[in-house]
Amino acid sequence: MPSAPAEYRRIADELTAKIKSGDLAPGTKLPSTSELADQFDVSVATAYRAVSLLHDRDLVVGQPGRGVYVAGQK
């Protein structure tokens with residue numbers, strides 16, 4: 001029986017789909033990890049892992065002190 005994906009992966013996959021569909025355009029600021037945690041009803045650590053996975057996928061870029069933004073097209 002297949003197991004459900006980890007919550008952070010589910011969140012990252014959902015945000016990835018929004019980025020790829022254009023719902024989150026390049027340059028769009030993502031909600032903070034606290035806001036994402038509230039939105040998805042998960043811990044801040046889980047939301048942080050989801051954003052970290054988006055970084056690993058080169059879909060977002062962080063700007064220290066400003067936030068995390070959807071990366072431009074390559």
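Position 1 is the first residue of the sequence; numbering continues from there.
- Applying the salt bridge (charged side-chain N to carboxylate O under 4.0 Å, His left out) rule to pairs touching residues 12-23 yields Arg10-Glu14, Asp13-Arg57, sequence neighbours excluded.
- Atom-to-atom distance recorded for Leu59:CG and Leu54:CG is 6.0 Å, nearest 0.5 angstrom.
- Checked against Leu24 for a side chain to side chain contact (heavy atoms under 4.5 Å, CB included), the options Leu15, Val60, Thr16 give a single hit: Leu15.
- By the 4.5 Å side-chain criterion applied to Ile, Leu, Val, Met, Phe, Trp and Tyr, Leu53 is assigned to a cluster that also includes Tyr8.
- For Asp38, there are no salt bridge (Lys or Arg N to Asp or Glu O under 4.0 Å) partners, not counting sequence neighbours.
- Within a 6.0 Å radius of CG in Asp41, other residues, nucleotides and ligands contribute 12 heavy atoms or fewer.
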Show me, pair by pair, the donor-acceptor contacts under 3.5 angstrom made by side chains of residues 61-69, not counting sequence neighbours?
from, atom 1, to, atom 2, distance (Å)
Gln63, OE1, Arg66, NH1, 2.7

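- Between the OG atom in Ser34 and the CD atom in Gln39 there is a gap of 12.5 Å [rounded to 0.5 Å].
- When the side chain to side chain donor-acceptor pair (under 3.5 Å) test is applied to Thr46, the partners found at least two apart in sequence or on another chain are Ser43.
- The nearest pair of heavy atoms linking Gly72 to Pro26 is CA-CB, 3.8 Å.
- Membership of an apolar cluster is not assigned to Val44, as no side-chain contact below 4.5 Å to another ILVMFWY residue is traced.
- Nearest approach of Ala47 to Leu36, heavy atoms of both residues: CB-CB, 4.0 Å.
- Remark: Tyr48 OH to Thr33 OG1 distance equals 8.5 Å, nearest 0.5 Å.
- Nearest heavy-atom pair, Ala50 versus Ala12, reported as atom, atom and distance to 0.1 Å: O-CB, 3.7 Å.
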